[in-house]
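Only one structure is covered here, and it is reproduced in the block below.
In this text the structure is predicted, and so the values were computed from the model without any measurement. Counting convention: from 1, in listed order, for ligands and their atoms alike.
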Amino acid sequence: MRRNKISVIGAGNVGATLAQFLAAKELGDIYLFDVVDGVPEGKALDIAEGTPHFRTSVEVKGFTTTNPEAYKNMADSDVIVVTAGLARKPGMSRDDLLNKNLEIISDVGKNIKKYSPNSVLVVVSNPADIMAYALQKATGINPKMIMGLGGSLDSSRFRYFIAQELGVAVEDVNAFVIGGHGDDMVPFVRYSSVSGIPISNLLSKEKIDEIIKRTRFGGGEIVNYLKTGSAYYAPGISITAMVESIIRDRKRVIPCAAYLDGSKGKHYNASGIFIGVPIKIGKDGVEEIYEMDFNKDELALWEKTVLSVKNSCKLVDQFFSKN
Ligand code: LMR
């Protein structure tokens, strides 16, 4: 029987950490691609040599893409995860990466279109909502087959901070973050609970505000510690949850950047952009987008994050009109 095939573009910290989580979970054969000569081959071999301890039978292979022919090896991938691009350094926002990462995504997109146009795509390169939009432009792939990292990671941070504050098990905290994966993201308090008990019954407003702020700047907190790059362990496992739901058709409901086309219901009063909303993830990619009602304050936060994503998408449109 053919094993699933997962291609990971970019073998930096996020790509390699992800590859190891995927190998540990035996989600499929893993093909790592990177532009830095020898790095994908070396990291793939290193990960593969550890698989006897995981007791998992998967192949892990690496390909340097200075030779563009290398991309042929991603043909017929079930899932392609795009992590390629620059990571931010202290003092930068994710949006500061837009111009450089746009060029990289555009190039990766051409190769995906050529060699594996039927894969489900998971976009991680920052700013992720905008890069998901760009990858759709570059590939022309059905937007339902594309999702961006954001809420999966931000919600994990939000859940962790709530659990820490209350001294309860993380698994009993259900909380999620919607909107763009930037400083305007919206940690959604009204639907956050501990085993069904609303967090507003358990924590003061001041404490909740503190946790929201820490969640919004969670990526930046790690960047400030690391100084030379950004987080990769929490991103790696958050992407793994998305990939697992696609590969095993688990139908998990996770907030991720998905394309809003305005065709169904209110669609969050937004259309023509990718932005974080709760979605059902299965073998066909984004299988459902769940609507939520906002009160006045939530709507203001939502409109702010939508505006910021829309403005960045305009830069993508300009780029593609010239390239
Ligand atoms: C994160 O949230 O950790 C990633 O988006 C990386 C970053 O720059 O913050």
State whether the side chain of S245 and the backbone N or O of M242 hold a donor-acceptor pair below 3.5 Å, judged by distance alone.
no
Might you point out which heavy atoms bring [X] and [Y] nearest each other, and give the distance in Å?
X: I178; Y: G276; value: CB-O, 3.3 Å
X: F176; Y: Y191; value: CE2-CB, 3.9 Å
X: D183; Y: R216; value: O-CD, 3.0 Å

Of all the atoms in ligand 1, which lie at a distance below 4.0 Å from a heavy atom belonging to [X]?
X: N126; value: 4 (C), 5 (O), 6 (C), 7 (C), 8 (O)
X: G219; value: 1 (C), 2 (O), 3 (O), 9 (O)
X: R88; value: 7 (C), 8 (O), 9 (O)
X: L153; value: 1 (C), 2 (O), 3 (O)
X: A231; value: 3 (O)

Validation row, ring centre F294 to ring centre Y268 under 6.0 Å:
yes
Is the closest heavy-atom distance from I222 to ligand 1 below 4.0 Å?
no
Less than 4.0 Å is my threshold; does some heavy atom of M92 fall inside it relative to ligand 1?
no
Considering only the protein, which heavy-atom contact is closest to atom 3 (O) of ligand 1, and what is its distance?
R157 NH2, 2.7 Å
The protein heavy atom nearest to atom 5 (O) of ligand 1 is H181 NE2, 2.6 Å
Pairing of K213 and D209 as salt bridge, 4.0 angstrom limit
no
Can you label the angle between the F274 ring and the Y259 ring as parallel, tilted or perpendicular, going by 30° and 60°?
tilted
Under 3.5 Å: N/O of D154 near N/O of ligand 1:
no
